[in-house]
Amino acid sequence: AREVACVICAARDVTQFQHLNERLSMHEEILRQTTDRISVIGTDFRYKMTNAANAAFSGKSPEDFIGLHVRDHIGPDRFDRRARAHFENCFAGQSVEYEHELVLPSGVTRHIRVRMDPYRDDGGAVTGALVVLRDITEAALMAQTLRRQAREDALTGLANRHALQDELQRVIEDTASRRGMAVLLTIDLDGFKVVNDLAGHSGGDALLKQIAGFLRSVATPDMLCARLGGDEFAVLCRGLREAAAWDLGCRITAGLSGMRFVWQGLPHAITASVGIAMITPPRPGEPELSVFQILNEADTACLHAKSIGGARPVIYRPDADEMVAHRLDIGNLQIVRA
């Protein structure tokens, strides 16, 4: 029988392998727990791997994705129309980032941010794309809400003065370049202070909301209705000539005069003065109109309408003595405010 003559002992330092294993486990756990949808897609447009979040989004397992062509996953239309070009840019060595809206089968729309980075082998050659999809729906909706609130009157939901001025600047530029016409109407309620004193601020707010509803009812898609502040409103419309602008001003004043406003059982008569400023291309050698100039002209005409009894529209005439006086008054007021 053979006897054991000696024992050979060998020791190996496996610390490095242990660290590698821990790092690998950590990376796998991160991929498993993250809500980002992560995939590696080869230059043949087929999935090399995907994480649990991306698989679960489609009701599949990660193994189901291996070898799947992107076209078969997202559909030929989305692949050919948008995704293919982004992938080809990524395979060429570029990092790509974009956002898109995804309509789910349920009809719900999700906002997705897509990030693609070249995936390289040990030699540095691009063998695919590392794709990260992040759902940013809540952030996108919040941004939309903030943008809308920045341009919307909080009480009436109409555009605010800032939004009107921006659109008015675009209208002025378009009118100058295309030789078209447009019109700005400013609307100032006659005797709003009386209504506010009798009905209180709640009643005044209710009246302003009712007037906003009326303006929406007469507006066409090419009109922008705005509340400038207090009891001042405005309507900006492209393509109207003077006769049509006058007709619109008459319809607004007549509609407000015929509007029934009742607060706590008491009826209140409503009338308004309307100032009309025509926006036309500048003549050769003349400077382009400014936003301030157009607003000033409409305000001047509106003040003149009030001074002769209200409840009527007035078209701005630069050579009318009364309007010149009002224009000078408004100019002095602007200088004092400055």
Side-chain angles (χ1 to χ4, degrees), residues 19-152 154 157 159 162-163 166:
H19 288 167
L20 288 174
N21 188 54
E22 289 176 355
R23 289 172 59 189
L24 180 60
S25 298
M26 184 186 304
H27 291 162
E28 289 177 344
E29 188 62 18
I30 291 173
L31 283 175
R32 188 183 68 82
Q33 291 191 19
T34 183
T35 57
D36 289 348
R37 295 155 54 198
I38 303 173
S39 303
V40 176
I41 296 171
T43 53
D44 58 356
F45 302 104
R46 296 186 180 277
Y47 284 84
K48 292 178 176 292
M49 67 79 61
T50 196
N51 69 342
N54 190 52
F57 186 84
S58 302
K60 299 178 180 180
S61 69
E63 292 74 20
D64 294 333
F65 275 82
I66 307 303
L68 179 66
H69 198 287
V70 175
R71 180 190 289 110
D72 297 330
H73 177 53
I74 67 175
D77 183 58
R78 284 174 54 200
F79 177 77
D80 293 327
R81 187 163 45 88
R82 181 179 60 225
R84 185 185 192 111
H86 291 313
F87 273 113
E88 289 174 346
N89 288 335
C90 188
F91 296 154
Q94 301 177 27
S95 292
V96 179
E97 188 166 359
Y98 63 96
E99 296 177 7
H100 73 95
E101 294 182 358
L102 177 64
V103 181
L104 303 180
S106 63
V108 175
T109 299
R110 308 299 296 179
H111 298 260
I112 307 298
R113 177 176 293 140
V114 182
R115 170 82 186 192
M116 296 181 178
D117 289 298
Y119 185 82
R120 303 177 186 273
D121 61 16
D122 293 339
V126 176
T127 60
L130 175 63
V131 183
V132 180
L133 291 84
R134 175 169 295 177
D135 191 319
I136 58 167
T137 302
E138 284 71 24
L141 294 178
M142 177 62 71
Q144 289 177 1
T145 299
L146 291 175
R147 285 194 297 269
R148 186 182 68 250
Q149 290 176 345
R151 302 175 61 81
E152 184 179 280
H162 176 71
D166 284 350

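Scanning all heavy atoms of the two residues, the minimum distance from Phe91 to Val126 falls at O-CG1, 3.7 Å. Heavy-atom minimum distance, Ser58 versus Phe65: OG-CZ, 4.0 Å.
For Arg147, there are no salt bridge (charged side-chain N to carboxylate O under 4.0 Å, His left out) partners at least two apart in sequence or on another chain. Among residues two or more places apart in sequence or in another chain, the side-chain contact (heavy atoms from CB on, under 4.5 Å) test is passed with Pro62 by Thr50, Ala55. A search for side chain to side chain donor-acceptor pair (under 3.5 Å) contacts involving Asp77 returns Arg81, not counting sequence neighbours. For Arg120, the side chain to side chain donor-acceptor pair (under 3.5 Å) criterion is met by no residue, not counting sequence neighbours. Applying the side chain to side chain donor-acceptor pair (under 3.5 Å) rule to Gln144 yields no partners; only residues at least two apart in sequence or on another chain are considered. By the side-chain contact (heavy atoms from CB on, under 4.5 Å) test, Arg37 pairs with Ala53, Asn54, Phe57, Ile112, Leu133, sequence neighbours left out. Every residue meeting the side-chain contact (heavy atoms from CB on, under 4.5 Å) condition with Leu130, not counting sequence neighbours, appears here in chain and number order: Ile38, Val40. Residues passing the ring pair (Phe, Tyr, Trp, His ring centres under 6.0 Å) test with Tyr119: none are found, sequence neighbours excluded. Under the salt bridge (charged side-chain N to carboxylate O under 4.0 Å, His left out) criterion, Asp64 pairs with no residue, sequence neighbours left out. Applying the salt bridge (charged side-chain N to carboxylate O under 4.0 Å, His left out) test to Glu138 and every residue at least two apart in sequence or in another chain returns Arg110. Applying the side-chain contact (heavy atoms from CB on, under 4.5 Å) criterion to Arg134, with sequence neighbours excluded, gives Asp36, Ile136. Under the side chain to side chain donor-acceptor pair (under 3.5 Å) criterion, Asp117 pairs with Ser95, Arg115, sequence neighbours left out.
If you take CE on Met116 and CG on Asn89, they are separated by 9.5 Å, rounding to the nearest 0.5 Å. We find the NE2-CD1 distance between His69 and Ile41 to be 10.0 Å, quoted to the nearest 0.5 Å. From Leu146, atom CG reaches atom CZ of Arg151 across 14.0 Å, with rounding to the nearest 0.5 Å.
For the pair Thr137 (side chain) and His111 (backbone), a donor-acceptor distance under 3.5 Å is present.
Shown are Arg71, His100, His73, Arg84; of these, the side-chain contact (heavy atoms from CB on, under 4.5 Å) with Arg78 is made only by His100.
Side-chain atoms of Ile66 and Tyr47, non-hydrogen and from C-beta on, never get closer than 4.5 Å to each other. Residues Phe45 and Glu88 have side chains in contact (heavy-atom distance under 4.5 Å, counting atoms from C-beta outward).
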